[in-house]
Amino acid sequence: MRNSTEIAIITKLMKIAKLEVDITQLLVNPMDDGGMGSLAIGENYAGRQLGEEVAEYMFKDIDGTSVSAALNVDQKGNLYELDIWKVDFSPTQTLQ
C-alpha cells in the first residue's frame with residue numbers, strides 16, 4: 001500500500017465484503033486512470049480477469065466531488081483491484 005488513505009479505504013471495503021486479508025502483504029500497483037487512484041492488486045494482474053465487485057463505498061473528495069471506491073475480485077475470488085472513480089473524472093485529491 002502506498003499511503004494511509006488507501007489503507008483505510010481498502011480496510012473499509014474488506015470489512016463491507018467480510019474479507020480477512022493482511023493488507024500489509026498486498027502487492028499493489030497504480031493503474032493508469034487519470035490520477036483517480038485505482039490500484040491493481042496481486043501478481044500477474046494483466047493475466048487475470050475481473051470476476052465481480054464485492055464491496056463499494058462512496059465518499060466526497062476534498063473538493064466536494066463524489067468518489068466511488070469499489071473492491072473487485074478476479075474470477076477465482078482473489079483480490080483483483082481497487083477501482084476508484086471520481087464522477088467528474090478529475091484526479092482524486094484525497095488519495096494523494
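Sequential numbering from 1 along the given sequence is applied to the chain's residues. Worth knowing before you read on, the calculation uses all heavy atoms, side chains too, and leaves out hydrogens, waters and symmetry mates.
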Over all heavy atoms of both residues, which pair between M36 and W85 is shortest? Give the atoms and the distance, please. SD-CA, 3.9 Å
Answer with yes or no whether the side chains of D61 and T94 bring together a donor and an acceptor at under 3.5 Å. yes
Output, in order, the C-alpha distance, side-chain angles, deciding distance and verdict of side-chain contact (heavy atoms from CB on, under 4.5 Å) for I7 and T11. CA-CA 6 Å; I7 291 170; T11 299; 3.9 Å; yes
In short, G34 meets P91 closest at the heavy-atom pair O-CG, 3.6 Å
Locate the shortest heavy-atom distance separating N72 from E53; write the atom from each residue and the value. OD1-CA, 3.1 Å
Should M58 and S66 count as side-chain neighbours, where that means a heavy-atom distance under 4.5 Å? yes
Taking side chain as C-beta onward, heavy atoms only, is Y57 less than 4.5 Å from L13? yes
Mark yes when over 12 heavy atoms from residues, nucleotides or ligands other than D88 sit less than 6.0 Å from its CG; otherwise mark no. yes
Nearest 0.5 angstrom please: E81 CD to I84 CD1, how far? 10.0 Å
Nearest 0.5 Å, please: how far is CD1 in I10 from CG in L39? 5.5 Å
For D63 versus S90, what's the shortest heavy-atom pair and its separation? OD2-OG, 4.5 Å
Identify the two heavy atoms, one from E56 and one from I16, that lie closest to each other, and give their separation to 0.1 Å. O-CD1, 3.8 Å
Using a 3.5 Å distance criterion without hydrogens, assess whether the side chain of D33 forms a donor-acceptor pair with backbone atoms of G37. yes
F59 side, atom CZ; I9 side, atom CD1 - distance, nearest 0.5 Å: 4.0 Å
Got a second to check how far L82's CG is from M31's CE, nearest 0.5 Å? 9.5 Å
